[in-house]
Structures are given as structure tokens and as C-alpha cells.
Amino acid sequence: MDFLPPTDPRVVALTRDLNPAQREAVTAPPEHRLVLAGAGSGKTRVLTHRVAWLIAVEGVSPQSILAVTFTNKAANEMRGRIEQLINVPVRSMWVGTFHGIAHRMLRLHWKEARLPQNFQILDADDQQRLVKRVIKALDLDEDKYPAKALTGWINARKEEAERPEHIQDTGDFAMRQFVRVYTAYEEQCRRSGLVDFAELLLRAYELCRDNPDIQRHYRTRFRHVLVDEFQDTNKLQYDWLRVLAGDRGVLFAVGDDDQSVYSWRGARVENMLHLQRDFLGTEVVRLEQNYRSTGTILRAANGLIAKNSGRLGKNLWTDGGDGEAIQLYAAFNEYDEAEFVVNRIRDGVEGRRRYSDHAILYRTGAQSRVVEEILIRNRMPYRITGGLKFFERQEIKDALAFLRLLHIRDDDTSFERAVGTPPRGIGATTVEKLRLWAREQDISLWAAAKLGQQHLGRSANAVNQFMALIDAIAAEGKDLPLSQLTELVIARTGLRDHYRKEKGEQAESRLENLDELVSAARGFELLPLPQGDDQLPEMDPLTNFLAHAALEAGEQQAGPGEESVQLMTLHAAKGLEFPVVFLVGVENGLFPNMRSIEEGNIEEERRLCYVGITRAREQLYVSYAEVRRVHGVEQIGSPSQFLKEIPSETLQETRPRAQVLRPAFIARESGYGGGGYSRGGGGYGNSGGGRGGDEYPRGGYAGYDRQNAARTLLKESSIGPGGFSLGQRVKHAKFGEGTILSFDGDGDRARAEVKFKTAGNKWLLLSVANLQAL
DNA sequence: GCCGAACCCCTTTTT
DNA sequence: GGGGTTCGGC
């Protein structure tokens, strides 16, 4: 670059559409950079232009570039946009997810990584099942040692690069059991040739750290390492980047500390702070000009996030207009809230909007149900992002288990799944016998089935038939193309017949999915050079297919993102944008979530709120419900504290056109303050709410001034019976200190559910319990 | 061994 | 309220 005049056409082409800050980042000399990229500030653009700049202007070989993202979607998008920019395919460039890159290294260096050549990937679900079996095998109490917790713990250890032998024995009994499980789990994985997600990263890290040749190779090769969403990196990923970059690799990290919402998964925002220490000379570039949202939306977002401490600091601005005020709606309950949203969408669609211009964002997945109900009732097309992905579906995993078993008979995880689906007379007892014998002999289940016939009694026959079936499919399918092999598996194992017998819509979709799997397999027959590389590991189509299934579990829902309203959690919305956004359920306890409040991690919730607000381009609606059913119990809600933190001049309370009514039993109390609360008031059966109108025909409710009540709510926080509020810390003479979770009943029968440290959750009659506010 | 009924738990989930 | 798991009857 040094010698290229700014008028050079290559320079002009790559910089003319950039603002000064973006240009500074893109054209920076080859030194470490941390790009603090605010929401909607053109982060991807900077990343892709930077790569193009390195290649086209700096003359860096694509081979020397490693670009890492977190999602496949981001990786694909990045590669596509880079190729567009410099108009050549850049096959030799490594662009991928952390896991994808790690996987590739392990395939290339499976020997050095001490893995079998045909190792398979264990997804999160498989992993937990395996851990569970290990816990059982060790005869541990599953209540004391829940598989979920142990799996989380093991993954956390791996993310700290801690193997079982690294964990210090403090003499703690439970900890010893944890380590036992970890050790046994690792051994199980080793024998089955399985690698879980965390293990992919850890192995790759150890490989690069401990093998001098490999380390030299990659350090020489990757002169430029670019990382997206840097705030989401965990310790292991960070350490791996350090090893890879060595002394000479140049790091270009892009991220936003204000959008760090995955700390609960091990993400460490602090990594952004450590850059200047570990990558000497790292300079920070701030991208603060926002191209997405209106000035009002940005002011709201800036105001809210300013309440967080320890930020790197950033203030979004736009040279566009202020736009509309943010509309705040105080709903009576979650049905009312959903109706409000649907009515606004209808208004939009009757105007210039499309359904797909609207996104409904919520804190927890369970909130989608009511919204869906109302959408369906109003015949609006919608699409939920999140949930089960294609390759995670039961029927697909069933079929894959057989395919994997064809590959590695010693894969116990697949054996256990395949042996019982569809039912073939081999039940829990038989499998348990196999496990016992296998453990005793230290062999796989397959080997145990083969060698331990005498232990099986009358089910030996069924087991033999099962093994014969697998062998037969393997023999018949040996020379078949992958898709035909897949079809063979689905037919011969009886999977198709099994699901054909099932009734209902779900069964139909399962059959369709199985067919879809066959089609998907077809795509892997001609070994598409995955992201083409000079030195690709040789992978047979089946291994390739199975790896793909685990690493890129597929779109979340079949069917294209057609013309439909978009529903998703706030987490799932990160990175996306929509003209109109509805942020629903903005209530204390729900958002910020109770658990986060208890864990003292409210700042992350605030960042999540910031993420939600900054998804909106033109119009943002925020709503909360005064009463909401949670886990089947009605609870009083109060407007989220975040609403008070958003600059009030950006908010405007909206009021339905027709008068909104309120249950008499609440209205009879003065305002909301001493509020009685009664359950069962709001069965929302009659949704007569006609088109276009905002009528809420619920008989028997007295009128009340919604706007006024909402304002009161904004000031005070949820007051329940007896003047206590949700989430409030209280003291009980017998149970000690606790937190109020919910209220129930009124008058003398008013009760509160309180979570105590030692005594657990208790329902206490307020007239009796004599709780002291803390 | 298999299936339905009781039972239990319940934030978020890039790979 | 709902989904996943376990337990008990056939």
C-alpha cells in the first residue's frame, strides 16, 4: 500500500464507499487492530473490505489469510462478499467458523492429534446422552450429578484447556466424582472415535501449541488472522488465536463489547481488553456511525447502554432523521400484548409494509406460543427462527446413527440409538447387559454384542439380527452412491415404516425429512472440495456428510424465509435487522430475567436489550404485560427497569383507540399501589377483537386509565400485596433471607412465593408470615 | 419389551 | 402450560 497512490483504481474501488473510520480500519498498515464496531456500523463491510484490501492492494496471498467467525452463515457471507469484491474465487483462503477451522486442522493432522482417521463429531445432544450413560455406569446418583450440569462442567473445563489430570485434587468428594465422570467420558469418546464441539477446539489448540512442526507451518502460513464477533470468543479460542498468530501474525479483531450476550456460554468480553497486552501495539478503531436505525432509536439505545459500567465506550450516531418515537404499550396480559402486535402488523401490511418487515423479539422461547396463537387466529404467516435444526431432528439423528455405525461399529453412542429405533425386541434390559459386559471387558458395545452372546439369554437372537442387518446394509451399500446408501438405510432398518405408522402431521413431516436427507446426501457424492484448498484432507463422502451434519446443522426451519412475520429470541436476533421491531415481554423478572438478576448479571441483560433496540431500522414497539401466565401460574408483571433507563423523550405511550378495560378487582384498588391481585381473571377466550380495531371485548371489566396506570408503573416497580415487590429480598423468621418470586391470591389469602437459600421455594401467606423487607 | 400415565422441571444456545 | 423422562401395567 505504501507505494500506491490514493488515486490507484484498486484503492479507489475499495475505499470509495467507506466513511472515514471504516476507511481507517480497512486501510490500516499491517498491525494489530481492534475494531469496535457498533450495531449497524458496517462491521461486515469493514471485515470483507479489509481482506480484499490485503489481497488486492497489499499483495497478500489469499493463502496467508485466516478469517474466523462464529456462525456458518457469517462465514459463508464473508467468503461470498470477498469474492465479489475482488472478483476472483479465493479458494486457498481459510474462512470458516472456529469449529470448522479446528475440524479441518484435525482432519489434516489426525495422526498428530492422535485421532482415528474417521473420527466423528458428537453434537451437544449426543454429548449429554453420553455423559448421562457415563454417570450411570459409574453408579453415581443422577440427582446429585445431573448429566446436564456435568456436561456443562466438562465443556467449561475444556474451554479452560483443562484435561482431567490438570484438575487439582482438593479432596472435595463431589469434585472427585466430577473428575471421574470427565475421565470416563473422555475414555468413552476415545474408544468410539468421537469428538465433541469443545474437544474440536481443544484438540486443535493443543495440536498447534504442542506440535512444533505444525505450529511453525501455520504461523508461517497465516500472516493475517481476522476475527468476527470478537466479544464472543472464549478463553480457548483466544489462546488458540494467540498460538496461531505467534509473533508475526497480524490480528484484525472486530467486535462490540456492548453486544456481548453469551457470557453464560463462556464468552469473555475481557478478551477485548487483553488485546493490547497480548498483541502488542493493538490500536482501536471505533465505528460509531450507524446506517441502520433512526436517530430516536439510537438515542434510546445509547441512553440505555450508558447505564452499564466498564464499557469500552461508544456512541452511535446517524446523519439520517430522528424518525418516529418508540411506542410503548402497557398490555393487560400476554394475549392483549400479542393482539396489539398483530394489529400493528396488520396496519403495516395494509400500508407499505410486508409481513417480513416485522420482527417480534422476546427474551425466552416459551413466549412465542401465545404470539403464535394470535398470529394463527389472525391468519398471519409467520416464521420462527430457532429451535430444532434439520440435522438435530429425531428421525434424522436416527438415520445418521445407522450411517455412523456403518462407518465405525465401535461408536457406542450411535449403537445405543440405532439398536432401539425402531423397536426390534431389544430393550433396556438387554442393552444394560451389553453395557455391563462391555465395561467389564473394556470393549465397545458392538464388540460386546458379538462376543458376549452367552450373557444375553433369549434376546441374543434379536441382537444377532440387528448386527446382521448392519453388516448386510454395509455390504449392499458398499459401492452405492451416498444418497442410495442413505435410502437403503432408511428402508432396510425399518425407519420409514416406523414413522409411517405414526399418526399426525408430525409423522408426515418426519417422512418428508427422511426424503430430504436422501437429497441432502446427494450433494455430497461428488466430493465438493469444501471451500477448496490446495491441501484438502481426503474425506470420503460419508465422513464428509456426517461432519457437515454435525457442524452445519442446517437451517432451523424448512421452507424459505418467505413472506412472513419473523419471530425469534433476542439472542437469535443478534446480527439481524428489521424495519419494524416489536420487543415484547419487557417486564422485570422476565426481561431482565429473574435468574440474571439473582446471578447479578443484569448488565448482560441490558446489553441484550440494547441488541434488541438496535435491530430496528424505522419503528420500534416495546410492550409489557401487567399480568402474565408463567409456568401455568398467573403473575403480576411490572415494567422492566430498562424502560426507565431509556431516555423518556424517545418513548411514547400508545393507547388503543377504543377504551381499554380492566378487571374490576384491580380497578377497585386505588391505582396500582396497594394493588390486590387475583388469579384467574383473564381467561382470554373470546378473541372477538375485530379486524383493524383495537377493541378488547372482555366483559365485566371496569374502565381504567391505562395511560395513567402505565405511568405509575414506570415510576414504581411492581408492587404486590402487602407492599412487597417481585424480586424483592425479604427476611423470614424461620427460613431466613429470600427473594420474592410471585404472588397469588388477595386479601387475607394473599400469598407470596419466596425463594430461600436453604429452605428452597415456599408459598407464604402474607397475613401470617410476617416477612420483613430487606 | 412396549406403551400410556404420572411426574418434574423450566433463560438465552453461534458450533 | 408443555415437553421430556420415568414408572407401572399389560
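All figures in this text were calculated on a predicted structure; none of them were measured in a lab. We use all heavy atoms of the structure for the numbers below, so side chains are in, but hydrogens, waters and symmetry mates are not. So you know, we letter chains A, B, ... as the sequences are listed, proteins then strands, and number each from 1.
Residue A/W264 has its side chain nearest to B/dT12 when only B/dT12, C/dT5, B/dT14 are considered. The side chain of A/P423 lies closest to B/dC3 when the candidates are B/dT12, B/dT15, B/dC3. Side-chain proximity of A/K132 to the nucleotides B/dT13, C/dT5, B/dT15 is greatest for C/dT5. Of the candidate nucleotides B/dC10, B/dT13, B/dT15, B/dT13 has the atom lying nearest to any side-chain atom of A/H571. Minimum atom distance to the side chain of A/T364 is reached by B/dT11, of the listed B/dT14, B/dT11, C/dT6. Distance from the side chain of A/A124 is smallest to B/dT15 among B/dT11, B/dT14, B/dT15. Proximity note for A/R595 (side chain, C-beta onward) versus C/dG2, B/dT11, B/dT15: the nearest is B/dT11.
Of the possible donor and acceptor atoms, none in the side chain of A/E604 sits under 3.5 Å from a partner among the backbone N and O of A/N601. At least one donor-acceptor pair under 3.5 Å links the side chain of A/Q453 to the backbone N or O of A/A449. Looking at A/T421, its side chain does come within 3.5 Å of a backbone N or O of A/R417 through a donor-acceptor pair.
Rounded to whole Å, atom P of B/dT15 lies 19 Å from atom CD of A/Q120. One can place NZ of A/K158 at 19 Å from P of B/dT15, the figure rounded to the nearest angstrom. A/I384 has its CD1 atom 12 Å from the P atom of B/dT13, to the nearest Å. With rounding to whole Å, A/L388 atom CG is found 12 Å from B/dT13 atom C1'.
Of the residues near DNA chain B, A/T71 and A/T430, the one whose nearest nucleotide (by heavy atom distance) lies more toward the 5' end is A/T430. Along DNA chain B, the nucleotide closest to A/G420 and the one closest to A/H631 are compared, and the more 5′ of them pairs with A/G420.
The side-chain contact (heavy atoms from CB on, under 4.5 Å) test with A/L608 is passed by exactly one of A/V261, A/L361, A/N593: A/V261.
Residue contacts for A/S459: at a heavy-atom cut-off of 4.0 Å it reaches no nucleic acid atom on any strand shown. Within the nucleic acid shown, A/E605 comes within 4.0 Å of at least one base atom, counting heavy atoms only. Residue A/D123 is classed as having no contact, given no heavy-atom separation below 4.0 Å to the nucleic acid. Within the nucleic acid shown, A/R424 comes within 4.0 Å of sugar-phosphate atoms alone, with no base atom in reach, counting heavy atoms only. Within 4.0 Å (heavy atoms only), A/E599 reaches at least one base atom of the nucleic acid. Residue contacts shown for A/K148 are absent, as no nucleic acid heavy atom lies under 4.0 Å away. Heavy atoms of A/A102 sit nowhere under 4.0 angstrom from any nucleic acid atom. Here A/Y262 lies in heavy-atom contact (under 4.0 Å) with a base. Heavy atoms of A/G365 sit under 4.0 angstrom from primed sugar atoms or phosphate atoms, though from no base atom.
With rounding to the nearest 0.5 Å, the separation of OG1 in A/T385 from NE2 in A/H571 is 15.0 Å.
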